[in-house]
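Report on one structure; see the data block that follows.
Convention: sequence-line order gives letters A, B, ...; per-chain numbering from 1.
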Amino acid sequence: MCGPALDMMQRGFKIDTYQRNVQISRLEKEVVKVEGILNQYGMATWEKPIKARSPFLKELFYTFYNLPEQFRFDKGERKVTVNREALEKLSAYHHVLPIINAILTVRDTAKLLSTIRTEIDPDGRMRTSYNVAGTETGRWSSSSSVFGSGTNLQNITNEVRRMFIADEGKVLCNIDEEQAESRVMGLLMWSLIGDPSYLLANESGDVHTAVARLCWPHLPWNGEILHDREVAERPFYRHFSYRDMSKRGGHLTNYYGTPPTMARNLKIEEKVAAEFQLAYFKAFPGLREYHHWVAREIGLHQELTTPLGRRRIFFGRPGDDATLREAIAYIPQSTVGDILNCALWRIWRYCPEAQLLAQVHDSICFQSDESDLPRAIANARRLATFPLRMNGKALVIPVDAKVGWNWADETIKTSRGKVHNPNGLSKWKGSLAGRKRLSGVHSMVA
DNA sequence: ATTCCCAGCGCG
DNA sequence: AAAGCGCGCTGGGAAT
């Protein structure tokens with residue numbers, strides 16, 4: 001793995017420094033403005049400034065204002081918190097609403113700013129350091145480069161990805177393993193338990209609609225893709241469609257999430273979450289059995305081995321729920337990482353026209369000369385597509401390809417609305433289809 | 001002045 | 001009683 005890792009670490013990812021500077025000055029102004037407002041609130045109330053990220057916020061809300069303490073759980077411990085979720089609850093006390101809004105704005109903006117401000121190297125490139133043996137699951141991790149510049153490139157938001165660009169004369173391609181963890185979960189349920197239902201749902205084209213069909217069979221489905229999708233997008237509960245429920249609730253349920261968690265994350269009632277899980281487990285009976293299978297393996301051996309042969313020993317107490325949850329997540333997460341890394345290595349070794357730029361767990365970004373692009377993408381896809389076998393069953397994870405001149409999607413959702421990004425990534429359909437790299441002001445249509 | 005720790009939050 | 005897993009970075013403040 002050091003081959004492709006060093007290749008990317010040495011090359012670095014070109015940064016659009018103009019775009020970077022524009023963003024920095026815009027966000028700096030915003031932070032200064034809102035911090036000023038926050039300080040005025042502070043002086044007007046408890047006669048001290050208010051810092052959005054200070055631990056003393058606890059004192060402000062829970063002692064000075066005497067509001068009900070909010071808690072979070074951290075490794076089995078109940079702790080007082082002033083995180084986003086807590087502040088959103090406290091905003092029901094509308095005398096502190098302006099303070100809370102200002103705090104959340106400063107936090108969001110400062111976070112964004114700190115990533116965008118990350119030091120780039122003198123040649124205008126951002127470099128990272130990949131650790132190819134740094135995690136429990138076999139995934140890579142990413143951090144600042146050996147010289148202290150750059151940062152973790154595996155947690156860059158779409159908004160910030162806008163400043164990561166292709167070199168002159170080259171085009172970016174991002175390939176992605178589609179619904180990878182979910183498909184591996186399907187293979188596990190099929191090969192270990194004998195229940196193919198979840199894999200079939202995944203391979204139906206639109207997994208979330210398929211899951212919705214199985215969970216709510218009484219709705220007027222008729223098998224036509226567009227019609228069924230429309231049915232799935234009807235409201236289920238408040239702002240939630242059946243499809244939303246299937247997507248977010250399904251993922252959480254796969255990983256042993258409980259109704260209270262689902263209720264919190266999806267902002268729905270606990271009863272509604274429990275109802276969904278009942279239907280979900282009924283539609284995919286292999287899921288419960290997979291959870292039980294993992295519990296049994298951990299109880300007996302305290303270890304698991306993935307279909308690609310990666311063994312992990314679980315040092316937690318075998319009977320603990322926390323140990324079980326780590327174990328349930330392990331095989332899908334590790335397997336997807338290994339599949340992607342296998343693809344990465346093969347592209348590095350056999351597809352020289354693809355210059356690797358980044359690895360993000362289930363996706364790879366590379367660049368090619370425009371003239372090489374169709375060949376590079378065809379080769380990369382071929383090298384990344386291979387069957388995963390387990391107990392005589394097999395699965396192929398499809399590989400999606402997108403192209404553009406910067407690393408963000410064509411539509412960027414920001415806190416202030418949507419921004420059109422004409423140089424961004426769009427689905428590869430065999431050619432650039434008339435797309436051209438826009439420069440200067442034309443590349444930034446608000 | 002430097003190091004350590006925590007809380008919060010970003011991605012897959 | 002506790003309430004998906006896997007990471008890394010930053011700012012604030014305490015400890016050294």
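Residue A:S363 is out of contact with every strand shown, counting any heavy-atom pair closer than 4.0 Å. Counting any heavy atom pair closer than 4.0 Å across all strands shown, A:R264 reaches no nucleic acid atom. Within 4.0 Å of A:S144, counting heavy atoms only, lie sugar-phosphate atoms of the nucleic acid but no base atom. Residue contacts shown for A:I156 are limited to sugar-phosphate atoms, with no base heavy atom under 4.0 Å away.
Ring geometry for A:F281 against A:H291 counts as perpendicular: the plane angle is over 60°, on a 0 to 90° scale with 30° as the lower cut. In this structure, A:Y198 and A:Y280 have perpendicular ring planes: the angle between them is above 60°, well past the 30° mark.
With a heavy-atom cut-off of 4.0 Å to chain A, the contacted part of DNA chain B has its first and last nucleotide at B:dA7 to B:dG12.
Residues from residues 81-89 of chain A that place a heavy atom under 4.0 Å from any atom of DNA chain B, listed by number: A:T81, A:V82, A:N83, A:R84. Near-neighbour residues of DNA chain C inside residues 45-62 of chain A, defined by a heavy atom below 4.0 Å, number-ordered: A:K51, A:R53, A:S54, A:P55, A:F56. DNA chain C is contacted by no residue of residues 274-295 of chain A, taking any non-hydrogen atom closer than 4.0 Å.
Counting heavy atoms from C-beta outward, A:R346 and A:F386 have side chains that approach closer than 4.5 Å.
If you take CG of A:L324 and P of C:dA2, they are 16 Å apart, rounded to a whole angstrom.
Nearest to the side-chain atoms of A:Q333 among the listed nucleotides C:dT10, C:dA3, C:dG6 stands C:dG6.
Annotation: A:H94, atom NE2; neighbour count of heavy atoms from other residues, nucleotides and ligands within 6.0 Å does not exceed 12.
Side chains of A:D108 and A:T105: no donor on one and acceptor on the other come within 3.5 Å.
Every residue two or more places apart in sequence or in another chain was checked for a side-chain hydrogen bond (donor to acceptor under 3.5 Å, both in side chains) with A:E59, and none qualifies.
Between A:R325 and C:dC5 there is a side-chain N or O to OP1 or OP2 distance below 4.0 Å. Taking 4.0 angstrom as the limit, A:R312 places a side-chain polar atom (N or O) nearer than this to OP1 or OP2 of C:dG6.
Cation-pi check for A:R325 over A:Y256 is not met; the charged atom does not lie both under 6.0 angstrom from the ring centroid and within 45 degrees of its normal.
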Handout entry: Per-nucleotide pairing state of DNA chain C [Watson-Crick or G-U, under 3.5 Å; [ ] pseudoknot-crossing; | other strand]
Key = ....||||||||||||
